Amino acid sequence: MQPYIVSFILKNRQTLIERWEEELGAVRDENYLGSVSESVFENTNHDFMQFIIEIIEVDQELAKERLSAFAERYIQGGWPLAYFTKGLQAFRRVLLVVLAENESEVSELVKTFSELENWIDGVINQLVYDYTGSWEDIFEMQKLSLLELSAPLIPVFQGVTVMPLIGTIDTQRAKLIMENLLDGVIKHRSQVVLIDITGVPVVDTMVAHHIIQASEAVRLVGATCILVGIRPEIAQTIVNLGIDLSKFPTKSTLKKGIESALEMTNKKMVDL
């Protein structure tokens, strides 16, 4: 930014901040800030305004670095992006008014405001970029966490474990199921693993292929896989698609699967 513009902003710093603070008061009325206390809002306004004024003096690369750190702090605090974009738009309006009050030459006014507008647009774009990148990272981490929770391996008896599957099975989730199965079989020293597909809405060729692969992998590490939860409509689909599930046992319910697993591990359930 041109030195004379920086000088103008610093010279009128107090006026700009006072008028800007009034503009930010309108942002306070937005619904997404309804739960923020007055004191927190005022402190954030103060930090935000001081920060923007300060980075006007530094070079572009350092300004970007500081802006990213500033954005990260408030992203972690849950502040919405709209607060900062609306705040910068308010700063733009205040700048135009103060410039008009101090510059009588229209051409100079337009030139100065044009440069300031480009600078503010650059700050907004950087904030949007930082916010988007941060939320994408958070989303991916949450997605991975949900995937891990969606393919648990649960030991129910010594040597017998169950993996209940719920929802659609895609390639990424199938890979996680395979990893969890193999790790769990070794960790729990499983002899029999029951894959429960009661909660899987659709079993097509791809899903069956993934299940067969998982079953084969379990067999290679020395355990047996039983597929349970095969509803009549799923059985009909499997037959119509010509899917061969003859290589490993299948049961209609989890209860029947557990009974078979106990027999295979030389155990049985006894009524008391």
Side-chain angles (χ1 to χ4, degrees), residues 1-103 109-110 112-146:
M1 191 179 295
Q2 294 293 331
Y4 75 91
I5 300 178
V6 175
S7 177
F8 170 81
I9 292 174
L10 296 178
K11 180 181 177 182
N12 294 276
R13 178 177 187 145
Q14 192 57 39
T15 301
L16 287 169
I17 286 178
E18 288 173 0
R19 295 189 182 184
W20 190 9
E21 193 166 17
E22 291 177 10
E23 291 278 338
L24 284 173
V27 179
R28 177 72 173 83
D29 298 331
E30 299 287 348
N31 292 331
Y32 51 74
L33 292 172
S35 60
V36 178
S37 69
E38 192 65 34
S39 61
V40 170
F41 183 73
E42 288 178 359
N43 289 335
T44 303
N45 285 349
H46 180 266
D47 290 345
F48 181 36
M49 291 186 293
Q50 295 294 337
F51 174 78
I52 294 299
I53 297 293
E54 287 170 5
I55 64 169
I56 287 172
E57 297 183 81
V58 303
D59 64 76
Q60 187 175 3
E61 288 304 315
L62 183 57
K64 277 186 176 182
E65 186 179 323
R66 290 187 182 179
L67 187 60
S68 294
F70 176 84
E72 180 65 25
R73 179 156 57 96
Y74 282 95
I75 290 169
Q76 296 300 325
W79 279 80
L81 174 62
Y83 164 76
F84 297 103
T85 56
K86 287 179 180 289
L88 285 164
Q89 289 164 3
F91 184 46
R92 185 184 353 233
R93 292 193 296 271
V94 169
L95 272 171
L96 179 58
V97 172
V98 176
L99 274 170
E101 291 173 354
N102 289 270
E103 180 59 65
L109 175 62
V110 172
T112 302
F113 184 70
S114 177
E115 184 165 344
L116 283 168
E117 190 169 48
N118 289 336
W119 184 85
I120 291 172
D121 285 342
V123 174
I124 291 176
N125 290 339
Q126 181 68 31
L127 280 171
V128 170
Y129 176 81
D130 289 335
Y131 259 74
T132 303
S134 180
W135 283 116
E136 282 178 351
D137 291 342
I138 292 171
F139 175 76
E140 285 301 318
M141 287 189 291
Q142 290 175 339
K143 184 179 178 182
L144 287 173
S145 297
L146 286 172

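Everything numeric here is computed off the predicted structure, so don't read it as measured data.
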Between CD1 on residue Ile124 and CH2 on residue Trp119, distance to nearest 0.5 Å: 10.0 Å
Please enumerate all residues that pass side chain to side chain donor-acceptor pair (under 3.5 Å) together with Asn12, with sequence neighbours excluded. none
With heavy-atom distances below 4.5 Å as the criterion, would you say the side chains of Ile56 and Leu10 are in contact? no
Across all chains, not counting sequence neighbours, the side chain to side chain donor-acceptor pair (under 3.5 Å) partners of Ser68 are Gln126, Asp130
I want to check something: taking the side chain as every heavy atom from C-beta on, are Val123 and Leu67 in contact at a cut-off of under 4.5 Å? yes
Check residues 46-55 and write down every donor-acceptor pair under 3.5 Å in which the side-chain atom is one partner and the other belongs to a residue at least two apart or another chain.
unit_1	atom_1	unit_2	atom_2	d
Asp47	OD2	Tyr74	OH	3.4
Gln50	OE1	Arg13	NH2	2.5

Write down the atom of Val98, the atom of Leu16, and the distance for their closest heavy-atom approach. CG2-CD2, 3.7 Å
For the side chain of Trp20 and the backbone of Gly87, is there at least one donor-acceptor N/O pair under 3.5 Å apart? yes
Residues 88-102 vs salt bridge (charged side-chain N to carboxylate O under 4.0 Å, His left out), sequence neighbours excluded, gives Arg19-Glu101, Glu23-Arg93, Arg92-Glu117, Arg92-Asp121
Audit row: Glu38, Glu42, side chain to side chain contact (heavy atoms under 4.5 Å, CB included) steps and yes/no: CA-CA 6 Å; Glu38 192 65 34; Glu42 288 178 359; 3.6 Å; yes
OG1 on Thr85 to CG on Asn125, rounded to 0.5 Å: 11.0 Å
Could you tell me the separation between the CD1 atom of Ile9 and the CG atom of Leu116, rounded to the nearest 0.5 Å? 5.0 Å
